[in-house]
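Encoded as structure tokens, the structure appears first; notes follow it.
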Amino acid sequence: GAVVSQHPSRVICKSGTSVKIECRSLDFQATTMFWYRQFPKQSLMLMATSNEGSKATYEQGVEKDKFLINHASLTLSTLTVTSAHPEDSSFYICSAQGGQGADNEQFFGPGTRLTVL
Amino acid sequence: AQRVTQPEKLLSVFKGAPVELKCNYSYSGSPELFWYVQYSRQRLQLLLRHISRESIKGFTADLNKGETSFHLKKPFAQEEDSAMYYCALVTSNTGKLIFGQGTTLQVKP
């Protein structure tokens, strides 16, 4: 149990276009979902915290108009990178909290590799 | 400020040797600490958490509040332990994880 999926696993897009990444909890209801960004050989940096039905809470320095987060249901959160530029190229990882996990345990998705040309 | 520090980017040991991956934290409240592992081409997964006091795959970690440390140890490293290891702290009021920089463990045959 406690499986989190992400789609797509990798995406290549042109500069200026928008890209949507989906994060789904497959076998549990996620009260909270988190979005991280990971640069090569670096740690995960939290971008935002998302609760179902409410606005996401963004970390300092993360542009909310650039990285749109929607958490429409207890099993789905989406991250849209708007007007993507090459500097947005990165590995984006989501996690979900809830289900059988103990309090505060997060279950991670496999990540999405975004390349902006 | 809340911070997790893993001083070693890379730790290389031979199979059978003891391993200790260091983690220090800075947190004003009562900390809840985790070790996550990321094997090559796999997702991040929980290895262990301090409140459960369990041993997973031979790894243990003890919270030392005096030294603000949560080092990960294994007496005899195996090649399959080669991976990236992240120490993380969760903030009690938000549930957010703060990750250390990560340590790559390389176990040589």
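What you see is a predicted model; the values in this text were computed from it and never measured. First the proteins, then the strands, lettered A, B, ... as listed; each starts at 1.
The local environment of CD in E67(B) is sparse, with at most 12 non-hydrogen atoms from other residues, nucleotides or ligands closer than 6.0 Å. For NZ of K73(B), the number of neighbouring non-hydrogen atoms (other residues, nucleotides, ligands) closer than 6.0 Å is 12 at most.
Using a 4.0 Å cut-off between a side-chain N of Lys or Arg and a carboxylate O of Asp or Glu, K20(A) and E22(A) do not qualify as a salt bridge. Between R49(B) and E105(A) a salt bridge is recorded (basic side-chain N to carboxylate O distance below 4.0 Å).
R43(B) places a side-chain N or O within donor-acceptor distance of the main-chain N or O of F108(A), the cut-off being under 3.5 Å.
With a 4.5 Å cut-off on non-hydrogen atoms, Q6(B) does not touch chain A at all. The contact between L44(A) and chain B is made by backbone and side chain atoms together, counting heavy-atom distances below 4.5 Å. For chain A, the nearby parts of L44(B) are the backbone and the side chain; heavy atoms of each come within less than 4.5 Å. Only the side chain of Y86(B) comes within less than 4.5 Å of a heavy atom of chain A; its backbone N, CA, C and O stay farther away. Heavy atoms of E59(A) lying under 4.5 Å from chain B belong exclusively to its side chain.
Note: L97(B) leads V90(B), L97(B), L46(B) in heavy-atom pairs under 4.5 Å with chain A.
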